[in-house]
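Since the structure comes first, as structure tokens, the remarks are kept for the end.
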Amino acid sequence: MTSSKSGPLRRASEFFYTKSTLVTALIATAAFAGYTLLVLSGQGKAFEVANSTIKSLGTSLGFGQAEILAFFAERSAGQISAYITFNQVWDSLYGVIYGVMYVVWVSVLLKPYSQKVGILNLLPFGQVLFDWLENIGLATVSSQYLADGTISSTTAQLASTASSIKWAFALLVYGVILVGIVARIAGALKGRSKS
């Protein structure tokens, strides 16, 4: 039951606990898979370089100034422009889609324990936040590189740090999902042994 005094995070958490079902989780997963296969991978081809060691900076666990410069050096201005659009539009939308999917799954798995775990179901949105910060940083250094052939070491470091934190959140989310699955299985087995 939502209290009128509860904050926006608590209300959002309760909304997802209330509305999330196995069906909504499967629909969210289908939307995620569809977007990944039909949209994101296609948009990524616009800046793809055959035999490149780095397909996209955001898929690495952190990156340095040297990796960023190497990534740009093997791409044309058109490809770098496509990479800016990818980060500003397509990858930012991807964050919303996977964030909602993970929040729904965590909400489904933790629903019986929602009073104990509180807003833990919103944890995936932390990953989305740092993914967006990484995207902003990468779009900024990409634009700077196109303008004058250099990149800001500070912005590069911020993008890299955001990327590392994003992946740390991803591991936490996977851990929470795993714990939720184990807890639900244990609860079902316990209920079956009592009957």
Are any non-hydrogen side-chain atoms of [X] and [Y] less than 4.5 angstrom apart?
{"X": "Ile84", "Y": "Ser143", "value": "yes"}
{"X": "Tyr94", "Y": "Asp91", "value": "yes"}
{"X": "Leu158", "Y": "Leu133", "value": "no"}
{"X": "Phe125", "Y": "Leu129", "value": "no"}
{"X": "Trp105", "Y": "Leu26", "value": "yes"}

Item checked: Residues in side-chain hydrogen bond (donor to acceptor under 3.5 Å, both in side chains) contact with Ser81, at least two apart in sequence or another chain -> none

Checking the side chain of [X] only, and the main-chain atoms of [Y] only, is there a donor and an acceptor separated by less than 3.5 Å?
{"X": "Arg184", "Y": "Pro112", "result": "no"}
{"X": "Thr161", "Y": "Gln157", "result": "yes"}
{"X": "Glu14", "Y": "Arg11", "result": "no"}
{"X": "Ser164", "Y": "Ser160", "result": "yes"}
{"X": "Glu48", "Y": "Lys55", "result": "no"}
{"X": "Ser20", "Y": "Phe16", "result": "yes"}

Measure across [X] and [Y] and return the closest heavy-atom pair with its distance rounded to 0.1 Å.
{"X": "Ala156", "Y": "Ile68", "result": "CB-CD1, 3.5 Å"}
{"X": "Gln88", "Y": "Ala139", "result": "CG-CB, 3.9 Å"}
{"X": "Trp90", "Y": "Tyr35", "result": "O-OH, 2.7 Å"}
{"X": "Tyr113", "Y": "Ala183", "result": "OH-O, 3.1 Å"}
{"X": "Val96", "Y": "Val128", "result": "N-CG1, 4.3 Å"}
{"X": "Thr155", "Y": "Gly137", "result": "CG2-O, 3.7 Å"}

Checklist line | ILVMFWY clustering at 4.5 Å (side-chain atoms), partners of Val23 | finding: Ile27

Checklist line | Those residues that, when tested against Phe72, pass ring pair (Phe, Tyr, Trp, His ring centres under 6.0 Å) (two or more places apart) | finding: Tyr145

When hydrophobic residues are tied together by side-chain contacts of less than 4.5 Å, even through go-betweens, does [X] share a cluster with [Y]?
{"X": "Ile165", "Y": "Leu57", "result": "yes"}
{"X": "Ile119", "Y": "Val100", "result": "yes"}
{"X": "Leu120", "Y": "Leu9", "result": "yes"}
{"X": "Leu93", "Y": "Val103", "result": "yes"}
{"X": "Val106", "Y": "Val182", "result": "no"}

Separation between [atom1] of [X] and [atom2] of [Y], rounded to the nearest 0.5 Å:
{"X": "Lys45", "Y": "Leu40", "atom1": "NZ", "atom2": "CG", "answer": "10.5 Å"}
{"X": "Arg75", "Y": "Ile54", "atom1": "CZ", "atom2": "CD1", "answer": "8.0 Å"}
{"X": "Lys116", "Y": "Leu110", "atom1": "NZ", "atom2": "CG", "answer": "12.0 Å"}
{"X": "Ile151", "Y": "Leu146", "atom1": "CD1", "atom2": "CG", "answer": "12.0 Å"}

Notebook entry, point to check: Got a sec, which pairs hit side chain to side chain donor-acceptor pair (under 3.5 Å) with one end in residues 118-130, sequence neighbours left out?
Noted result: Ser13-Asn121, Ser107-Asn121

Notebook entry, point to check: Which pairs with one or both residues in residues 38-66 pass ring pair (Phe, Tyr, Trp, His ring centres under 6.0 Å), sequence neighbours excluded?
Noted result: Phe47-Tyr83, Phe47-Phe86

Enumerate, atom names and distances included, each donor-acceptor pair closer than 3.5 Å involving a side-chain atom of residues 170-178, sequence neighbours excluded.
residue : atom : partner : partner atom : Å
Tyr174  : OH   : Tyr102  : OH           : 3.2

Margin query: Can you confirm whether the side chains of Thr140 and Gln144 place a donor and an acceptor under 3.5 Å from each other?
Written below: no

Note to self: If we count only N and O atoms by modelled type, under 3.5 Å, do the side chains of Ser153 and Gln65 hold a donor and an acceptor together?
What the structure shows: no

Next item on the list: Identify the residue among Thr36, Thr29, Asp131 that makes a side-chain hydrogen bond (donor to acceptor under 3.5 Å, both in side chains) with Tyr98.
Entry: Asp131

